[in-house]
Amino acid sequence: MDIRSSSRIKSLLHTTAIRLSLKYSLIYIFIFGIIFLFLYWFINSFVQAQIKASLTQESKKIESIYHVKGIGAIKEYITTHRQYSGEDHRFYLLIDKNGKPQAGDLKKWPSEIKTNGSITNVWIPKKEIVDAIKDGDGYWPVITINFKNGYKMLIAQGIRGTEDLRETMFAIMALIFGIIVVLIIALGFSLGKNVLWHIENINKAYNAIMNGNLSIRIKTSSKNDEFDMIANQINEMLDKIEQLVTEAKQATNNIAHDLRKPLNRLRNRLEISIIDKNRHDCNKILEKTVADIDDIIKTFNAILEIAQAESAAAKKAWNNVNISGITSEVAGLYRPLAEDKSIELNVNIADKITIEGNERLITQSIGNILDNAIKYTPKNGTIDVCLKENEKSIEVLVSDSGPGVNEKDYSRITKRFVRLDSSRHTPGNGLGLSLVEAAAKLHNADLVFADNRPGLSVRLIFKKPSI
Amino acid sequence: MKILLIEDDRETGKYIVKGLNENGYTVDYAAEGKDGLYLAMNNSYDLIIMDRMLPGIDGLSIIKMLRSVRKKTPILILSALGDVDEKVEGLKAGGDDYLTKPYAFSELLARIEALLRRGNEIPEQALQVGNLKMNLENYTVTRGGRKIELKPREFRLLEYLMRHKGHIVTRTMLLENVWDYNFDPQTNVIDVHISRLRSKIDKDFGKELIKTVRGVGYKIEQ
């Protein structure tokens, strides 16, 4: 056996299954032992009682022979019986007044025998038995008879039969014990092997994940046992973790990419101003640069905010949010902006609606949607801001009378830095709706665009938790 | 005015010290938490500017220590951690204001001024800038005796400006203190609100009280 497989067996022996099965086999053996002991005691006493009865009967028979026919007939009875040898053979010994054997199967009268007519177990060694009879050493149940003429006689029951019975019983017991132990240990090993198989799979997945391969999952069996259930749960958790890690990675990558463009623009401007021989006002260039950097910082903050809204961290600041209050405040914040463009801002907000969420992100989302609406709605246009509630959802609706968005662009306008050609000339960084989308996703809300004929309607639909 | 600056980045530290000196402040500079703590414990400052992330003792711990010995010096926290939660944590620890890096120096300066003035503010019933008067008891605003109707938000905006009269307030400060918003709206809505306010309190009175400080914010003064 090589080291690998011996260590495998060692680890198999250490499994709970094996330990339990060993423990249980011990308990079973103990219980069966007690049952067998009881059974043995029961059978034994039954046999003893039978022996006793048969010995008593035999002694009565002999006594009656003596009464009727005298000692001679007894000698003859013993002699004829000697020929018989079998499992339940009885032994006889007749001695005269002087203790000299007259007839029988034993060579001499056992010294420790009692002569009070009761049955006693007397040790009779093999060598004291006449050769023709095959039986061993042992305690033989013996009854004695005292005849009137001073002769004494003993009748002993051969123990071969009971010995055999005892041996058979022990053999059966041992066999059953053996089968129990083997079965239980085999069961334990197969269970242990199953456990080890699962553990090995968990270990493999663990090692792979610790080495950075997040796509590895724990292998499961088709048995769908408790280990498979745990493994499936762990796998689901790993799926979620992998998804989060991928998202986080992607967010980081995006930030790096997103900032390259404005940084490049800034760099170009500075470089051109260095080689520009006609520069007069150094301060002016610096001021412009600072303004550029401020823009970059603003963009950077916006990206960070989106990244944060996309991560679970934003769920830390989860509160009961008065969305009615928020919406009317945001509308209030933007109202002067609309009025400056002579846009009619109709606000229709249902009272006292609250939702669970991140107040800042919801505020900012509604703000961004409204900001866009005002930006793209021409002078003398109309914007409606509505907050309504039904059994299933709470809905923020902002619709404008601007140029609207082509239906095929709905999925594009939430992408980072995407600015439709029609809006190239307006200020903005193309991140506003990205934040709204991230915030909507965080709140498990739907962001729905529709044609307002004319204009765009944006709906933010928060689903109510189903009770 | 004496200011203590605790900032582990020496380059940034030098730049802030220079900027503050040019604006007439005396500055003690510590690059490490424990030096800063020692200076703050043994000297009297009008303001402490504290970087949040410091090697050794971190900024929040220093603030907690100072507050536990009843040092009431106003503290402005500088931090690269811009999360609202972080901000709340900083203010809870005993900070008086929180500025996220990167920031404009003008923003820092405006906030320093606001904090320095906060210490000796007395609860006033009336604010006045030139002939513009604000009565905080019955919420009325008059200029040259003429009553001016303001919406609640406009009133709060003007009140904030008047409480900081002669000093610059930035747009972020206005958003934070007048609207309670911790984010920058995409369009500069503050400018629009200010121009609204201007049309009410300045337009018909010849002399303009609310002034735009280019690239920084606004200030109200005679």
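Per chain, numbering begins at 1; letters A, B, ... match sequence-line order.
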Determine whether a donor-acceptor pair (N or O, by modelled atom type, separation under 3.5 Å) exists between the side chain of S324(A) and the backbone of I353(A). yes
Between T377(A) and I374(A), is there a donor-acceptor pair closer than 3.5 Å when you use the side chain of the first and the backbone of the second? no
One pair to check against salt bridge (charged side-chain N to carboxylate O under 4.0 Å, His left out): R267(A) and E271(A). What are the steps and the verdict? CA-CA 6 Å; R267(A) 194 174 190 284; E271(A) 235 168 6; 3.0 Å; yes
Suppose a student defines contact as a heavy atom less than 4.5 Å from any heavy atom of chain B. Which residues in residues 335-347 of chain A would they list?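 The residues closer than 4.5 Å to chain B, in numerical order, are P336(A), L337(A), E339(A), D340(A).
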Mind listing the closest non-hydrogen atom pair of [X] and [Y] along with its distance?
| X | Y | value |
| --- | --- | --- |
| Q222(B) | G130(B) | CD-CA, 3.4 Å |
| L456(A) | V405(A) | CD2-CG2, 4.0 Å |
| A331(A) | L370(A) | CA-CD2, 3.8 Å |

Assess whether a salt bridge exists between K87(B) and E176(B), defined as any Lys/Arg side-chain N lying under 4.0 Å from an Asp/Glu carboxylate O.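 Between E176(B) and K87(B) there is a salt bridge, with a charged N closer than 4.0 Å to a carboxylate O.
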Less than 4.5 Å to any heavy atom of chain B: does that hold for the side chain of [X], its backbone, both, or neither?
| X | result |
| --- | --- |
| Q308(A) | side chain |
| V330(A) | both |
| L431(A) | backbone |
| N372(A) | side chain |
| I297(A) | side chain |

In terms of the angle between their ring planes, are H164(B) and Y160(B) parallel, tilted or perpendicular, with boundaries placed at 30° and 60°?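 Taking Y160(B) first and then H164(B), their aromatic rings sit tilted (interplane angle of 30° to 60°).
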